[in-house]
Amino acid sequence: MTTPTYATTGRQRHVFAPSPVEAAVTAPPPRLPDPPIYRETMRTWTDRGRTVPGRHDPEWARLAGPWRGFGRFSGSPAPRGGGR
């Protein structure tokens with residue numbers, strides 16, 4: 001059995017980064033515009049009030065936001081003080 005020459009406690013992080021030469025050479029390709037059929041679909045969805053990728057959706061923000069408690073909803077369908 002061999003003894004490691006470094007401490008093995010805690011998480012080990014490995015950072016992989018391209019060299020400055022690689023980063024300069026491999027620039028991302030230019031983004032092509034969406035085909036006309038997709039643009040027309042997005043326009044139709046927007047006109048109908050549907051969710052469109054890449055745009056702010058207020059309903060999703062409300063649903064995914066932090067829980068607000070029972071202030072807006074009743075804990076039971078029975079009226080308060082109804083003797084249940």
Side-chain angles (χ1 to χ4, degrees):
M1 179 171 212
T2 61
T3 304
T5 58
Y6 54 88
T8 57
T9 59
R11 279 176 63 177
Q12 302 296 318
R13 283 184 36 184
H14 298 281
V15 179
F16 297 102
S19 68
V21 174
E22 286 180 31
V25 173
T26 58
R31 184 178 168 119
L32 300 174
D34 290 330
I37 190 169
Y38 295 125
R39 283 182 283 181
E40 184 62 32
T41 302
M42 289 179 65
R43 186 177 302 119
T44 302
W45 283 4
T46 303
D47 292 345
R48 293 180 184 171
R50 295 180 64 186
T51 302
V52 179
R55 303 222 180 137
H56 177 69
D57 181 12
E59 183 178 9
W60 174 253
R62 181 182 62 82
L63 293 172
W67 186 61
R68 303 279 184 209
F70 289 115
R72 296 173 62 187
F73 302 101
S74 172
S76 168
R80 291 187 184 213
R84 272 190 166 201

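Just the heavy atoms: all of them, side chains too, but no hydrogens, waters or symmetry mates, feed the values below.
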What are the two closest heavy atoms between V52 and W45, and how far apart are they?
CG2-CB, 4.1 Å
Once rounded to the nearest 0.5 Å, what's the spacing between atom CZ of R48 and atom OG1 of T46?
11.0 Å
For the atom pair CZ (R62) and CD (E59), what is the distance rounded to the nearest 0.5 Å?
5.5 Å
Are there over 12 heavy-atom neighbours, none belonging to I37, within less than 6.0 Å of that residue's CD1?
no
Measure across P53 and M42 and return the closest heavy-atom pair with its distance rounded to 0.1 Å.
O-CE, 4.0 Å
